[in-house]
Q: 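Structure provided below as structure tokens; questions to follow.
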Amino acid sequence: MKKTPMLIIGGGPAGLSCAIQAASLGQSVTIVERSHSLGGQLVKQTHKFFGSEKQYASVRGFKIAELLIQEYEKYKDLIEVVLDATVTGLYPDKVCTIVQNGRYYKIKSEVIVVATGASEKFIAFENNDLPGIYGAGAVQTLMNQYGVLPGNKIVMVGSGNIGLIVSYQLMQAGVKVVSVLEAAPLIGGYLVHASKLRRLGVPIHTSKSILKANGSACVESIVIADLDDSWNPIPGTEETVEVDAVCVSVGLSPMHQLLSMVGARILFIPELGGWVPKVSECHETSVDNIFACGDLSGVEEASSAMVEGRLTGLFAARRLLGTIDNDESIHQDLISQLEGLRSGPFGKKTREGLLQMKEEGQC
Amino acid sequence: MLEKNGVPSKEQVISCFPESSILVKPKAIIECYQEIPCNPCETSCPFDAIKIGVDINTRPIVDTSLCTGCGICVTKCPGLAIIVASILNDKAIFKIPYEFLPSPKKDENWNALNREGNIISKGKILSVLDSRKQEKTKLITVEVSKEYLYDFITIGCPDER
């Protein structure tokens, strides 16, 4: 069985940042990544990021992935990257089972950081399995990574930041965005993103959602309707809209499955995205030497995931190395970056969620 | 209503502008209505004319006595929420961010759009800047009639409508 001192599951913004931080402190690590490249969702983000300089503000997402990969290359002799490898099991003796190109094997590690991210939520409506109905992640993968148009005339369901940003990217690709629908009474994402769409003539409708899709081989039209205060469709407001694609962007749920399997304590905290592992202030789960960070421990922007990854890299390296040079200053810097990202009105949900997690007692 | 449809009210727009007398020279106009954790406008300004401070959620404030209207912040803002405006005789001249193809060219007349996406007039393209530092956000200088000072926000390709 292969052995490594520190194993990171997931090479997205959190996992990759975690590896870089740990390696910069002299700790050797192994990253196991499901896809064929590092960077996670960053590689399909074509918009400029918010945040401050330390989180690569004003740099486009795919460029941030390139910068992180460049930084990783500085520590190439300390970071081993295993690509196209899916972790299928995690056991209390810190053994991971891995499937890579049809081969099944195990890795045992002293310390494990789980940074599996989050998966997209979907909503129930009639015919929601018709071809042409996508999640926002799939639209970005097709369009921004592979240059394939998902459709010509599309309705976006959901006005969070992802829904608004992907609508703008669809327009950049030449797709007609008919409208953005939001079931809640107010727009969910940053209003600057909403204004960017509106000034280009895309209507954003709040208290409105999709009821059903029509079509035989693929989606040909959809029925939308106004919603009342309890989010129920108001009879008589139904309207049919011709489209050849629908994009659903209604939030993310943390991918806690490996941590559930290993018996880590999982809490339901809607403010953090649903089922999340209980972590200590050092991002350690209830299982000794298994840590969690990024969207898995609370859905936020990638900027926060990168800082959390670095922070968890520090904690994990500390566990293995004992004392670390400049530990206190690195720690303080990362903590204050996270506080900066979370202290405004858009960080309220995360702050409340983290407080709930703290009040849930010791791991 | 901004929170429902993305369109700020006229009062909200005007609150982001300095007095017209100041706009004899170009100045940055920042339409950042929410406290978002973000500060590239402040850090990119070579003249220290934009103030956010230690808490990056604070809304930016432009010091028009220091702002030269250079337009660097316009292409740095990830929310495309900054334009530069100035008044010259009966014309309003804007520098706006633009991230679409085809690119406008100097001396072309494009559709001038308001914040609802309606065509309000024609806008004459005075220049197109696309340096490497702008990271693919073009800086377009557009001239419209002065009466559209608080209405104009972007341009639309004339072939599309």
Side-chain angles (χ1 to χ4, degrees), chain A residues 46-61 63 159 161 164-165 168-169 171-174 176 180 182 184-207 300-301 303-304 336-347, chain B residues 1-8 12-13 30-44 52 54-59 72-73 75-82 96-102 111 113-119 133-137 152-157 160-161:
Chain A
T46 54
H47 62 283
K48 290 181 175 174
F49 270 48
F50 289 75
S52 68
E53 240 161 4
K54 283 183 175 162
Q55 304 101 38
Y56 311 96
S58 202
V59 181
R60 296 187 188 275
K63 281 272 176 193
S159 75
N161 276 336
L164 297 173
I165 287 169
Y168 182 77
Q169 293 171 355
M171 295 186 76
Q172 286 177 310
K176 163 87 180 157
V180 177
E182 171 56 62
L186 298 175
I187 291 168
Y190 295 158
L191 295 177
V192 285
H193 285 315
S195 298
K196 255 162 66 176
L197 286 176
R198 193 66 187 87
R199 72 175 67 132
L200 297 168
V202 178
I204 300 168
H205 300 298
T206 51
S207 301
E300 285 182 89
E301 297 294 323
S303 318
S304 310
S336 68
Q337 283 187 53
L338 276 179
E339 276 172 4
L341 291 169
R342 289 171 178 164
S343 66
F346 281 98
Chain B
M1 185 193 167
L2 180 60
E3 291 84 356
K4 281 187 176 289
N5 61 16
V7 183
Q12 283 174 309
V13 173
I30 306 190
E31 277 192 79
C32 189
Y33 297 107
Q34 290 176 307
E35 293 171 27
I36 294 172
C38 187
N39 72 353
C41 55
E42 181 185 44
T43 52
S44 69
I52 286 178
V54 183
D55 180 0
I56 60 168
N57 293 278
T58 311
R59 291 175 57 197
I72 287 176
C73 57
T75 63
K76 283 284 175 186
C77 173
L80 303 192
I82 310 180
I96 60 161
Y98 195 72
E99 297 184 325
F100 287 84
L101 292 171
N111 293 327
L113 305 179
N114 67 11
R115 288 170 178 76
E116 290 179 71
N118 297 322
I119 301 171
K133 275 191 174 167
Q134 292 168 223
E135 292 284 356
K136 300 197 188 307
T137 306
F152 173 81
I153 187 68
T154 194
I155 52 171
C157 185
E160 274 179 21
R161 295 176 186 231

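Just so you know, these numbers use all the heavy atoms, side chains as well, and skip hydrogens, waters and symmetry mates. Sequence lines set the chain letters: A, B, ... in the order given, protein chains first and strands last, and positions in each chain run from 1. What you see is a predicted model; the values in this text were computed from it and never measured.
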Q: What pairs with B/K4 under side-chain contact (heavy atoms from CB on, under 4.5 Å), at least two apart in sequence or on another chain?
A: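 Residues passing side-chain contact (heavy atoms from CB on, under 4.5 Å) with B/K4: A/P185, A/L186, A/T206, B/M1.
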Q: So, A/S195 side chain and A/L191 main chain: donor-acceptor pair closer than 3.5 Å or not?
A: yes
Q: Which pair of non-hydrogen atoms, one from B/I72 and one from B/S44, has the smallest distance, and what is that distance?
A: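 Shortest heavy-atom separation between B/I72 and B/S44 comes out as CG2-O, 3.6 Å.
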Q: Can you find a pair of side-chain heavy atoms, one from A/L338 and one from A/R342, that are under 4.5 Å apart?
A: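 Side chain of A/L338 against side chain of A/R342, heavy atoms only: contact under 4.5 Å found.
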Q: At a heavy-atom separation under 4.5 Å, does A/F49 approach chain B through its side chain, its backbone, both, or neither?
A: backbone
Q: Is B/I56 close to chain A through its backbone or its side chain, or both, or neither, when contacts mean heavy atoms under 4.5 Å?
A: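 Looking at B/I56, just its side chain touches chain A.
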Q: Between chain A and each of B/T154, B/I36, B/N114, B/I153, count heavy-atom pairs under 4.5 Å; write down the option with the most.
A: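 Looking at each of B/T154, B/I36, B/N114, B/I153 in turn, B/I36 comes out on top.
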Q: Return the option, out of A/E339, A/H205, A/M171, A/H193, with the maximum number of heavy-atom pairs under 4.5 Å with chain B.
A: A/M171
Q: Please find out if less than 6.0 Å separates the ring center of A/Y190 from that of B/Y33.
A: no
Q: Let's test your reading of the structure: which of A/E182, A/K196, A/E301, A/K48 forms the most heavy-atom pairs below 4.5 Å with chain B?
A: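 Among A/E182, A/K196, A/E301, A/K48, the one with the most close pairs to chain B is A/K48.
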Q: Please identify, among A/E53, A/R60, A/H47, A/Q55, the residue contributing the most non-hydrogen atom pairs under 4.5 Å to chain B.
A: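 Most heavy-atom pairs under 4.5 Å with chain B: A/R60.
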Q: Give a yes or no answer on whether the side chain of B/Q134 reaches the backbone of B/K136 with a donor-acceptor pair at less than 3.5 Å.
A: no
Q: Which one, A/A194, A/G188, A/S52, leads in non-hydrogen pairs under 4.5 Å with chain B?
A: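 So the answer, after comparing A/A194, A/G188, A/S52, is A/S52.
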Q: Salt bridge (charged side-chain N to carboxylate O under 4.0 Å, His left out): which pairs involve residues 31-40 of chain B, sequence neighbours left out?
A: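 Every salt bridge (charged side-chain N to carboxylate O under 4.0 Å, His left out) pair that includes a residue of residues 31-40 of chain B, provided the two are not neighbours, is B/E31-B/R115.
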Q: Check the pair A/Y168, B/F100 against ring-ring contact (aromatic ring centres under 6.0 Å, His included), reporting the backbone distance first and the verdict last.
A: CA-CA 10 Å; A/Y168 182 77; B/F100 287 84; 5.4 Å; yes
Q: Out of A/A57, A/G347, A/G340, return the one with the most heavy atom pairs under 4.5 angstrom to chain B.
A: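 That would be A/G340.
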Q: Just so I understand: if I count every heavy-atom pair under 4.5 Å between each of B/T137, B/I155, B/V7 and chain A, which residue has the most?
A: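 Among the listed options, the one with the most contacts to chain A is B/T137.
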Q: Go through A/L164, A/I204, A/I187 and name the one with the most non-hydrogen pairs under 4.5 angstrom from chain B.
A: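 Winner by heavy-atom pair count: A/I187.
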Q: Who among B/Q34, B/K76, B/E42 has the most heavy-atom pairs with chain A under 4.5 Å?
A: B/Q34
